[in-house]
Participant: 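First, the structure itself, so that you have it in front of you.
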2 protein chains.
Amino acid sequence: MPTLILDKRTQLIETALSLFYERGIHAVGINEVLKTSGIAKKTLYSYFSSKEELIAATVEYRSRLFLNWLQSQIAEVDPGRASIERIFSSLDDWINERVELLSPFKGCFFINTSAEYNRHDCNIYGQCRTHKQQVCELLLQQCRIIQSEEKAAQSLNTSLSLLVEGAIVRAHVMGDKQAAQQAWTTAQVLIAAP
Amino acid sequence: MPTLILDKRTQLIETALSLFYERGIHAVGINEVLKTSGIAKKTLYSYFSSKEELIAATVEYRSRLFLNWLQSQIAEVDPGRASIERIFSSLDDWINERVELLSPFKGCFFINTSAEYNRHDCNIYGQCRTHKQQVCELLLQQCRIIQSEEKAAQSLNTSLSLLVEGAIVRAHVMGDKQAAQQAWTTAQVLIAAP
DNA sequence: ACACAAGTAGACAGGTTGGTCTATGTGTTG
DNA sequence: CAACACATAGACCAACCTGTCTACTTGTGT
């Protein structure tokens, strides 16, 4: 039964994600993932050839989860300015743990993972980079709508991306739970600027 | 000879910092710090009662190093706008590895460390938070000079802090080496805004 | 010359790691 | 019922972890 096969695999990934996100990847051993999920070691190693592979699958899973969630948020409002506002308000929801899917808030999983895996030839690091680029691309689409000139759109995109990343970091490291709101206040100035 | 005593201690901290910053804290064992520094295990445990204590000392050391460096950069120019510009250009120097003292660039040590130690009752996490607040305070002093109204100064301060943190993250995770320059371009809009 | 402080080298203990492997159970299918 | 794929439990291995401890070396001050 293929659904059952996927279930075990998914259970492992979800358990691993939850533990990795909460405490960091190196701090969590395979045995703890197994004990928490109630799955046998042999089963894990039938789906993943190593811990590294489980990590890669976990990062991939989180990336899809996050992008799908963000996209669904944008889909609820008009493209352009309203979507950008929604991105910041969604960020606020995430930071203040109003999104069950992403709770509890422990900063950005990809920033955190990049801290532990930052060698340029490491593909986990590459996955983190790709994820951030995808989020950035999503934002760029909205910038293009309110800035017809491509150069201006890209410039706005970068500025807004800086604010988004900054908000996540301030919220996590400094405990600034209003970071996303302040980021949006700042963003409005940039959008209004000539 | 007290200077010699300090030397061994400092050597350990500097070696640990270099390894921790490059590869993450959990990924580096005590034995590797010892082998790299050429110092005996017994000596380490005469200065620090545990790895945790060495980590704490390492975070403290990096915090002082970074703050002193940043302060010395600001001291070279006029207070106010020029100092803020200098902060962003120093950030650019750091990211692009023109500051030997801080090389090689591997993102922010405190963001990275927060990813591995994020429990609220963990004092290492507290150290990271304190460091960020100190950097922010340094920036606030400059904001106060160009914004006489306290509320406006704080608002500008937060906005600039978001850009600074965002630049560090974009540079590290996305490999955007121009992040600091773009952050400054954005900052100028905010400083000029009414 | 001798005591002493501070260093080195590294064995060792007890625990954890990632990963392999054997033995056993279970549920579906022919 | 028999065969099969898939699961579990957990022993086991070699490597590594933090931290302790013994034994030896060095340099300095009196």
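Please read these numbers as outputs of a predicted model, since none were measured by experiment. Order of the sequence lines sets the chain letters (A, B, ...), proteins ahead of strands, with each chain counted from 1.
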Participant: For the pair made of OH in B:Y45 and P in C:dG7, what is the distance, rounded to whole Å?
Facilitator: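 That distance rounds to 16 Å.
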Participant: Just the atom pairs and distances: protein N or O near nucleotides 8-14 of chain D's N or O, under 3.5 Å.
Facilitator:
{"unit_1": "D:dT8", "atom_1": "OP1", "unit_2": "A:K8", "atom_2": "NZ", "d": "3.2"}
{"unit_1": "D:dT8", "atom_1": "OP2", "unit_2": "A:A40", "atom_2": "N", "d": "3.2"}
{"unit_1": "D:dT8", "atom_1": "OP2", "unit_2": "A:T43", "atom_2": "OG1", "d": "2.6"}

Participant: Nearest heavy atom decides the nucleotide; on that basis, is B:E32 or A:S46 closer to the 5' end of DNA chain D?
Facilitator: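 Mapping each residue to its closest nucleotide by heavy atoms, the 5'-most match is A:S46.
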Participant: Taking side chain to side chain contact (heavy atoms under 4.5 Å, CB included) as the definition, give me every residue that meets it alongside A:A27, ordered by chain and number, with sequence neighbours left out.
Facilitator: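 With sequence neighbours excluded, A:A27 shows a side chain to side chain contact (heavy atoms under 4.5 Å, CB included) to B:H26, given in chain and number order.
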Participant: Take atom CD of A:Q11 and atom P of D:dA7, then tell me their distance rounded to the nearest Å.
Facilitator: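 The answer, rounded to whole Å, is 10 Å.
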Participant: Determine which pairs satisfy side chain to side chain donor-acceptor pair (under 3.5 Å) with at least one residue from residues 97-109 of chain B, sequence neighbours left out, and list them in order.
Facilitator: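 Side chain to side chain donor-acceptor pair (under 3.5 Å) check on residues 97-109 of chain B returns B:D92-B:R98, B:D93-B:R98.
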Participant: State which residues pass side-chain hydrogen bond (donor to acceptor under 3.5 Å, both in side chains) with B:E76; sequence neighbours excluded, sorted by chain then number.
Facilitator: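 side-chain hydrogen bond (donor to acceptor under 3.5 Å, both in side chains) list for B:E76, sorted by chain: B:R86.
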Participant: Find the distance A:L12:CG to D:dC6:P and express it as a whole number of Å.
Facilitator: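 Checked: the CG to P distance equals 15 Å.
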Participant: In chain order, what residues pass the side-chain hydrogen bond (donor to acceptor under 3.5 Å, both in side chains) check against A:E32, with sequence neighbours excluded?
Facilitator: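 For A:E32, the residues satisfying side-chain hydrogen bond (donor to acceptor under 3.5 Å, both in side chains) (neighbours in sequence not counted) are A:R23.
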Participant: My understanding is that only residues two or more places apart in sequence, or in another chain, count here; which of them pass side-chain hydrogen bond (donor to acceptor under 3.5 Å, both in side chains) with B:S72?
Facilitator: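 Counting only residues at least two positions away or on another chain, B:S72 forms no side-chain hydrogen bond (donor to acceptor under 3.5 Å, both in side chains).
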Participant: Round to a whole Å and report the spacing from CG of B:L44 to C1' of D:dC17.
Facilitator: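 Between C1' of D:dC17 and CG of B:L44: 14 Å.
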Participant: Mind grabbing the angle between the end helix axes of the helix from C:dA1-D:dT30 to C:dG30-D:dC1? Five pairs an end, 10° rounding.
Facilitator: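 The helix from C:dA1-D:dT30 to C:dG30-D:dC1 shows an end-to-end axis angle of 10°.
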Participant: Going by the rule side chain to side chain contact (heavy atoms under 4.5 Å, CB included), which residues pair with B:A56 if we only count those two or more places apart in sequence or in a different chain?
Facilitator: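 If we apply the side chain to side chain contact (heavy atoms under 4.5 Å, CB included) test to B:A56, skipping adjacent residues, the hits are B:Q127.
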Participant: Provide the full list of ring-ring contact (aromatic ring centres under 6.0 Å, His included) pairs with a residue in residues 122-171 of chain A, sequence neighbours left out, each pair given once.
Facilitator: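 Applying ring-ring contact (aromatic ring centres under 6.0 Å, His included) to every pair that reaches into residues 122-171 of chain A, excluding sequence neighbours, yields A:F66-A:H131, A:F110-A:H131, A:H120-A:Y125.
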Participant: Could you tell me how far apart A:L34 (CG) and C:dT17 (C1') are, to the nearest whole angstrom?
Facilitator: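 Atom CG in A:L34 sits about 12 Å away from atom C1' in C:dT17.
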Participant: Checking A:E22 now: which residues fulfil side-chain hydrogen bond (donor to acceptor under 3.5 Å, both in side chains) with it, not counting sequence neighbours?
Facilitator: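 Testing A:E22 for side-chain hydrogen bond (donor to acceptor under 3.5 Å, both in side chains), a comparison that skips the adjacent residues, returns none.
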Participant: Provide the full list of ring-ring contact (aromatic ring centres under 6.0 Å, His included) pairs with a residue in residues 152-187 of chain B, sequence neighbours left out, each pair given once.
Facilitator: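 Residue pairs with at least one partner in residues 152-187 of chain B: B:F88-B:W184.
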Participant: Let me know the distance between OH of A:Y47 and C1' of C:dG19, rounded to the nearest Å.
Facilitator: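 Rounding to the nearest Å, OH of A:Y47 and C1' of C:dG19 are 18 Å apart.
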Participant: To the nearest Å, give me how far apart NZ (A:K51) and P (C:dT17) are.
Facilitator: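 Spelled out: NZ on A:K51 to P on C:dT17 is 9 Å.
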Participant: Please check if A:V77 and A:L160 belong to a single hydrophobic cluster, counting links between Ile, Leu, Val, Met, Phe, Trp and Tyr side chain heavy atoms closer than 4.5 Å.
Facilitator: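 Different hydrophobic clusters.
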Participant: Please list, in numerical order, the residues of residues 16-25 of chain A that have a heavy atom closer than 4.0 Å to any atom of DNA chain D.
Facilitator: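 Nothing qualifies; none.
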Participant: Please report the distance, rounded to the nearest Å, between CG in B:N31 and P in C:dA11.
Facilitator: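 Roughly 12 Å, once rounded to whole Å.
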Participant: Compare every heavy atom of A:I95 with every heavy atom of A:A167, then report the nearest pair and how far apart it is.
Facilitator: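 It is O-CD1, 4.0 Å.
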